[in-house]
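Notes follow once the structure below has been shown.
Each ligand, and each atom within it, is numbered from 1 in the order the structure gives.
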Amino acid sequence: MTELSDLTLAEAKARIKMLSMEIRANDEAYYTKDAPLISDAEYDVLRKDLIALETAFPKLIDKNSPTQKVGGKPSSKFSKVKHGVPMLSLDNVFTDEELNDFIAKVKKYLNINKDIEFTAEPKIDGLSAGLLYENGQLVRGATRGDGRMGEDITANVRTIENIPHQLSGSGWPERLEVRGEVYIGHDDFIAMNKSQLEAGQAEYKNPRNAAAGSLRQIDANVTALRPLKFFAYTWGEISAPFAATQMDAVEKFAAWGFDVNPLMAMFNSADGLLSLYHKIETQRAELGYDIDGVVYKVNDLALQNRLGFVSRAPRWATAHKFPAEKAITTLEAIDVQVGRTGALTPVARLTPINVGGVLVSNATLHNEDEINRLKLRVGDKVEIQRAGDVIPQVLRVVDADISGRGDTFELPQTCPICAAPATRGIDDKGKVDVVRRCTNGLSCPAQAVESLIHFVSRRAFDIDGMGGKQIEAFYERGLVKEPADIFTLEARNGDIKLETWEGWGETSASNLFLAINERREIEFSRVLYALGLRHIGHGNAELLAKHFISWAKMSETAIAAQPQVGEAWAELMSIDGVGGAAAGSLTTFFSSREHREMIERLLAKITIIDAERPSMDSPVAGKTIVFTGKLEKFSRDEAKSRAQSLGAKVSGSVSAKTDILVAGPGAGSKLKKATELGVKTLTEDEWLDLIN
Ligand code: IVH
């Protein structure tokens, strides 16, 4: 065999590709089909060869390489579960100041001036799971998935020792979904890795990965052998309220037989919360399980309820993350990637290094200003940091004083992919954009491909079996240039003959067409998110869908809103949570004929499902409401959210279309106009009577 060091980069790349494919095929056979094709020893040789190659050519390590994952099973093997109540994530604070801001925002929203009680508890670094109990019996377990749909892991959670199959005590609601974190403790993790090594298998990178690999085993008998544990800390669906405070709820969980975190405590000031934060931080290494911060929650559930949610996270809770972990390594190269919006992102390729249990070989360099600040030269020793799941960052050059090196790296002023000029525009606030962008739009292959990859991604069209590699291959052959093309692939397959391509076969080709066809009927918010417009992430896409219900209504409004004044524009701006940047991005997109035609071609192939109408039994459903003057019981934001959750539209200005004006003290011109137009006018109390 040739020495590894004799291989050229291209040869190494080809071998890595072959080995990865072989290992993946064997993984699939072993894990999913329970039908290994080769012996364990032969399999180990493949892995060892791949690891040796990747060690010799660290630049060629792909994040999807089989060496970068342990035990990962295809998620499609579990059946899907729709969460009765979405499983949300948490916003973060990193500093004392941000914590103070969080508390101030909560009080402002509630229009409360006195102190509010908050609980504080460790943020467990595991995987969240929801456990559904009916009449005290465990009937279902689910992963978080995308928050709306999770995977059914009932058989797996039943094997976790400290999860009760039957609740103890009494007083639980008939239907109760207890949520919490599945994790593996430090001692168990060390023991587990020891036996992995003894069995000649790869070690798990960290307890979280080990827990994920263990929980999502197709064969629950394997899960049963793993030392998983569960902490209960919140709940989803409930048939009846069972507690008045967060503390109360968690105490009940304990009484019903769950392990709850013993460090949870309650405070009514930022100082109190911070004292616990620092106490937990110093105890971190001795706790026996991984945590990555402290979670603060408003204790009073009635207040939680009033605070509600903003897109994916509650307003009543936040996570205070521990400071990032740092390390020093060598900068081997700087690549410039071109993203979906044309942004040129410099990426640092690093000598792989272990940072807090995770192997880091790439770090983002963000943008041109950051590059200029860092003054990087290839070969520099750099300090990097990793904060939780956040992409690692380069903090500084450590050996900047060494002389005789070449020039510092500068971001190119042309697109590295299509050579079109790359410029820095003016952002929404009139400042020079920090991001340099390729000006070639979808004519730039990188932007086109990245847009298509986004289009099929999990929160967008979520097409199984269609990822970056496949999109690239279809694009390179000119077969998929825009979204609509995905939906004509099957009809063109007589010419394409996908099943004959390298890496494809009859089954995988027909599975792909099946997966595409499954998405011909698709939710409004997914389609909007899939377009990848700037400032329209899935949160805003959902808000817009909820507001407009139908795609046609949204596109009509977006087109009419083009001048960015007038009624249609005001309607966009009135949607709670959707700001001017998102509204502007939407109107700009729809103002282009090219874009509209592209959408039309897509709409000819798919059906967009209307968003769910808010429940119509509220007295204000479908009504247009305007708030003016000073509100005394609520902040303006809360009043607006309440009205919208009851199906009303909230507008900022009074017109003939206004149904109700809610006027507090100090109301002026809007009240006058409403009176002139004969619009019904209510005081804050009358409004409350109406909606309660
Ligand atoms: S409360 C509606 N409490 O952190 C908010 N989450 O970053 C419900 N997590 O998805 C979450 N420890 O998996 C909560 N003590 C704790 C937690 C915790 C860990 C996880 C959870 C959540 C993620 C959000």
Side-chain angles (χ1 to χ4, degrees), residues 83-94 98 102 106 118-131 141-151 153 157 160 177-185 206-209 211-212 215-216 228-238 243 245-251 253-254 258-267 273 276-277 279-281 283-284 287-301 303-322 387-390 538-539:
H83 294 301
V85 171
M87 260 173 121
L88 299 144
S89 57
L90 292 167
D91 279 339
N92 295 320
V93 298
F94 286 94
E98 285 172 5
F102 165 73
V106 165
F118 287 89
T119 57
E121 69 200 63
K123 183 169 190 298
I124 316 296
D125 198 5
L127 289 102
S128 44
L131 311 171
T143 62
R144 179 162 93 159
D146 66 1
R148 228 170 37 91
M149 301 283 270
E151 294 155 349
I153 49 159
V157 297
I160 300 178
E177 190 199 351
V178 175
R179 290 179 177 174
E181 205 81 354
V182 174
Y183 68 99
I184 288 180
N206 56 45
R208 186 178 188 282
N209 280 10
L215 186 62
R216 298 171 70 251
L228 293 167
K229 291 198 180 116
F230 181 78
F231 270 130
Y233 53 65
T234 191
W235 57 96
E237 212 181 324
I238 45 172
T245 64
Q246 186 71 34
M247 209 43 149
D248 201 12
V250 171
E251 278 164 9
F253 289 162
F258 291 97
D259 278 359
V260 301
N261 196 283
L263 298 172
M264 180 171 175
M266 203 166 65
F267 301 93
L273 295 172
L276 189 73
Y277 172 85
K279 187 172 149 209
I280 292 177
E281 191 179 22
Q283 293 178 353
R284 188 176 179 187
L287 287 180
Y289 46 85
D290 272 2
I291 63 172
D292 55 352
V294 173
V295 182
Y296 308 127
K297 301 173 187 171
V298 170
N299 190 38
D300 184 333
L301 301 188
L303 296 183
Q304 281 192 8
N305 198 31
R306 281 178 59 191
L307 284 155
F309 302 86
V310 226
S311 79
R312 293 279 157 167
R315 283 196 190 86
W316 45 263
T318 196
H320 192 166
K321 291 293 197 70
F322 292 131
D389 286 339
V390 182
H538 58 100

Structural part of [X] in contact with ligand 1, heavy atom criterion under 4.0 angstrom:
{"X": "Glu181", "answer": "side chain"}
{"X": "Lys297", "answer": "side chain"}
{"X": "Val295", "answer": "side chain"}
{"X": "Ala319", "answer": "neither"}

Ligand 1 atoms in contact with Leu88 (distance to a heavy atom under 4.0 Å):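 Near Leu88, meaning under 4.0 Å from one of its heavy atoms, ligand 1 has 10 (O).
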
Report, in ascending order of atom number, the atoms of ligand 1 lying under 4.0 Å from any heavy atom of Arg144.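 This gives 10 (O) as the contact atoms.
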
Considering heavy atoms of the protein only, find what lies nearest to atom 14 (C) of ligand 1 and give residue, atom and distance to 0.1 Å.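 For this ligand atom, the closest protein heavy atom is Tyr233 CE1, 3.2 Å.
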
Considering heavy atoms of the protein only, find what lies nearest to atom 15 (N) of ligand 1 and give residue, atom and distance to 0.1 Å.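 For this ligand atom, the closest protein heavy atom is Glu121 OE2, 2.7 Å.
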
Mind checking side-chain contact (heavy atoms from CB on, under 4.5 Å) for Ala212 and listing every partner two or more places apart, or none if nothing turns up?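 Once residues adjacent in sequence are excluded, the partners of Ala212 under the side-chain contact (heavy atoms from CB on, under 4.5 Å) criterion are Leu127.
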
Measuring from atom 2 (C) of ligand 1, which candidate in Gly236, Pro314, Gly180 has the nearest non-hydrogen atom?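 When every heavy atom of Gly236, Pro314, Gly180 is considered, Pro314 comes closest to atom 2 (C) of ligand 1.
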
salt_bridge(Arg144, Glu151) N-O dist < 4.0 Å: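 The answer is no: the pair does not qualify as a salt bridge.
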
Got a salt bridge between Arg179 and Glu177, using NZ or NE/NH1/NH2 to carboxylate O under 4.0 Å?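 So Arg179 pairs with Glu177 through a salt bridge.
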
Say whether Ser89, considering both its backbone and side-chain N or O atoms, lies within less than 3.5 Å of an N or O atom on ligand 1.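 By distance alone, the answer is no.
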
Say whether Ile124, considering both its backbone and side-chain N or O atoms, lies within less than 3.5 Å of an N or O atom on ligand 1.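 For ligand 1, there is an N or O atom that lies under 3.5 Å from one belonging to Ile124.
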
List in chain and number order the residues that pass side chain to side chain donor-acceptor pair (under 3.5 Å) with Gln283, two or more places apart in sequence or in another chain; answer none if no residue qualifies.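 None.
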
Ignoring hydrogens and geometry, is there a side-chain-to-backbone donor-acceptor pair from Glu98 to Phe94 under 3.5 Å?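 Side chain of Glu98 to backbone of Phe94: a pair is present.
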
